[in-house]
Amino acid sequence: MKALVTRLDSFGDVLLDGPAIRAVAARADTVTLLCGPRGAPAARLLPSVDDILVWDAPWVGFTPPPVGRGEVDQLLDTIDADAALVLTSFHQSPLPAALLLRLAGVDFIAADSEDYPGSLLDVRHHRAPHAHEVEAALDLAEAAGFPPPDDGRPRVLPPPATAGLTGPEPYVVLHPGASVPARAWSPGRCAEAVRELAAAGHRVVVTGGAGESDLTTYVAGSHALDLGGRTGAAELGGVLAGATVVVTGNTGPAHLAAAVGTPVVSLFSPVVPAERWRPYGVPYVLLGDQDAPCAGSRARECPVPGHPCLDTVTAHDVVTAVEKLMGEAA
């Protein structure tokens, strides 16, 4: 059986679906992952994926492209699968993707759907109301005939050695950036945390993407190693794997840290529910006011003056959380 799994969202979304993809791979001859451009770097880190198709869907993302007949036709001509699993977040519809897969000739399609799917789905599954994204994807896979073959924790391929970048262990990673501003701790608070972690005797490594070098330079100051813009996805995985604890917001590196087995201090803005998006499968400490007025809003820009859900968290809170996780690991 040739199977296809679809997840068209971001880096972290794709990582969280890794356990469900492994479940499909345990029963299929080959697995193709159809993902969006933001999720493609994560797709390349996943075990059990034989091929990757990258397509920028016009119903996904912050700046979706216009609908193009030529692009759609090209995708339909490329898809070659007998069965498909359409994975989405709780607030998304799988039906646009299911329609395209049906037009591409896929015989069996399964998805979570509250909307009436007509003839688009062979398995219309209803996710548990409060399920974590990892568990929801695994539940759907099992309903479609792909039971979990292992413990269901997120995993990635072994990352490269990165001691040449980080220097010797032990160290704590602080990743100040986030995919959207509403989920980020303020740069000033991040810089304070670096200083207090260093004062408490921890060596600190600051990480960030290619467009975040100004942010990481400011946050690192003279107290931390600045690796902003110096790591691709695989190298970042290596840096996080070598860390004792990772401090970050609800963004892709939180899920990458969990996938390499590193505990996480999660600065979690409640614009999406922590029960669905917290770090999964590793020890973690959740910081941030989960009952703040922004809760459940899915806002990208903070809708509340002063960003109280996160900026009420202090550097001292972070140091305490880091040392709590270190103590549990000892």
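Quick note: residue numbers are just sequence positions, from 1. Since we're looking at a predicted model, the values are computed, not measured.
Residues Glu323 and His202 have side chains that bring a donor and an acceptor to within less than 3.5 angstrom of each other.
No donor-acceptor distance shorter than 3.5 angstrom exists from the side chain of Ser89 to the backbone of Gln92, with no hydrogens or angles considered. Between the Arg183 side chain and the Arg300 main chain, no donor and acceptor come within less than 3.5 Å of each other. Here the side chain of His307 pairs a donor or acceptor atom with the backbone of Ala184 at under 3.5 angstrom. Within the 3.5 Å criterion, the main-chain N or O of Pro308 finds a donor-acceptor partner in the side chain of Thr312. When atom types are taken as modelled, the side chain of Asp317 and the backbone of Thr314 share a donor-acceptor pair closer than 3.5 angstrom. Glu235 contributes no side-chain N or O that, together with a main-chain N or O of Pro159, makes up a donor-acceptor pair within less than 3.5 Å.
In this structure the side chain of Leu267 never reaches within 4.5 angstrom of the side chain of Thr248, judged on heavy atoms. Inter-residue side-chain proximity for Leu256 and Leu236 is flagged as met; some heavy-atom pair is nearer than 4.5 Å. In this structure, Leu85 and Leu140 have side chains that are in contact, with non-hydrogen atoms separated by less than 4.5 Å. Using a 4.5 Å cut-off on side-chain heavy atoms (C-beta onward), Glu192 and His316 make no contact. Considering only heavy atoms from C-beta on, Met326 comes within 4.5 Å of Thr244 through its side chain. For the pair Val123 and Phe108, the minimum side-chain heavy-atom distance is below 4.5 Å. Inter-residue side-chain proximity for Pro270 and Cys294 is flagged as met; some heavy-atom pair is nearer than 4.5 Å. Under the 4.5 Å side-chain criterion, counting only non-hydrogen atoms from C-beta, Leu15 is in contact with Leu46.
Under the 4.5 Å side-chain heavy-atom criterion for Ile, Leu, Val, Met, Phe, Trp and Tyr, Ile52 and Phe11 are members of the same hydrophobic cluster. Criterion: ILVMFWY side-chain heavy atoms under 4.5 Å apart, direct or through other members. Under it, Leu34 and Val106 are part of a common hydrophobic cluster. Hydrophobic clustering of Ile, Leu, Val, Met, Phe, Trp and Tyr side chains at less than 4.5 Å, counting indirect connections, keeps Val173 apart from Leu197. There is no path of hydrophobic side-chain contacts, each under 4.5 Å, that joins Val246 to Val204.
Contacts classified as salt bridge (charged side-chain N to carboxylate O under 4.0 Å, His left out) and involving residues 106-122 (residues at least two apart or in different chains) are given here: Arg102-Asp122, Asp112-Arg127. Applying the side-chain hydrogen bond (donor to acceptor under 3.5 Å, both in side chains) test to pairs two or more places apart or on separate chains, those with a residue in residues 209-218 are Thr216-Asp226, Thr217-Asp226. Among pairs with a residue in residues 129-177, those fulfilling ring pair (Phe, Tyr, Trp, His ring centres under 6.0 Å) read His132-Tyr280, at least two apart in sequence or across chains.
Across every non-hydrogen atom of Val219 and Pro187, the tightest pair is CG2-O, 4.0 Å. Here the closest heavy-atom approach between residue Ile109 and residue Ala98 is recorded as CD1-O, 3.7 Å. Across Val194 and Ala220, no two heavy atoms sit closer than the pair CG1-O, 3.9 Å. Nearest approach of Gly249 to Ala254, heavy atoms of both residues: O-CB, 3.5 Å. Residues Pro58 and Pro64 share a closest heavy-atom pair of O-CB, 3.4 Å. Thr231 and Gly208 make their closest contact through OG1-O, 4.4 Å (heavy atoms, listed as atom of the first residue, atom of the second, distance).
With respect to Arg38 and Asp9, no salt bridge is recorded, no charged nitrogen being found less than 4.0 Å from a carboxylate O. Checked for salt-bridge contact, Asp29 and Lys2 miss the test: no charged N lies under 4.0 Å from a carboxylate O. We find that Asp17 and Arg7 are joined by a salt bridge, their nearest charged nitrogen and carboxylate oxygen being less than 4.0 Å apart.
Judged by the 6.0 Å distance and 45° axis criteria, Arg276 is positioned over the aromatic ring of Phe90.
The CG atom of Leu174 sits 12.5 Å away from atom CG of Leu225, with the distance rounded to the nearest 0.5 Å. Here Trp185 contributes atom CH2 and Ser269 contributes atom OG; the two are 14.0 Å apart, rounded to the nearest 0.5 Å. In this structure, CG on Asp56 lies 7.0 Å from OG1 on Thr63, to the nearest 0.5 angstrom. Here the straight-line distance linking atom CG of Leu215 with atom SG of Cys190 works out to 7.0 Å at 0.5 Å rounding. The OG1 atom of Thr251 lies 11.5 Å from the CH2 atom of Trp277; values are rounded to the nearest 0.5 Å. Residue Leu8 holds its CG atom at 9.5 Å from OG1 of Thr88, rounded to the nearest 0.5 Å.
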Residue pair Leu121, Ser113: steps toward the side chain to side chain contact (heavy atoms under 4.5 Å, CB included) verdict: CA-CA 9 Å; Leu121 298 180; Ser113 182; 3.8 Å; yes
Give the intermediate values and the outcome of side chain to side chain contact (heavy atoms under 4.5 Å, CB included) for residues Val31 and Arg27. CA-CA 10 Å; Val31 175; Arg27 294 293 183 95; over 6 Å; no
Val272 vs Asn250, side chain to side chain contact (heavy atoms under 4.5 Å, CB included): CA-CA, chis, key distance, verdict: CA-CA 9 Å; Val272 295; Asn250 175 28; 3.4 Å; yes
Check against side chain to side chain contact (heavy atoms under 4.5 Å, CB included), Arg189 and Asp311: CA-CA 7 Å; Arg189 283 279 196 260; Asp311 277 1; 4.0 Å; yes
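Paired with Leu33 under the rule side-chain contact (heavy atoms from CB on, under 4.5 Å), one option of Val14, Val54, Leu53 passes, and it is Val14. For the side-chain contact (heavy atoms from CB on, under 4.5 Å) test with Leu227, the passing option among Thr162, Val206, Val239 is Val239; the others fail.
When the shell of 6.0 Å around CD of Gln74 is examined, it contains 12 or fewer heavy atoms from other residues, nucleotides or ligands. Enclosure of atom OH in Tyr116 is not indicated, since only 12 or fewer non-hydrogen atoms of other residues, nucleotides or ligands lie within 6.0 angstrom. More than 12 heavy atoms of other residues, nucleotides or ligands lie within 6.0 Å of NE2 in His126, so this atom counts as buried by the packing criterion.
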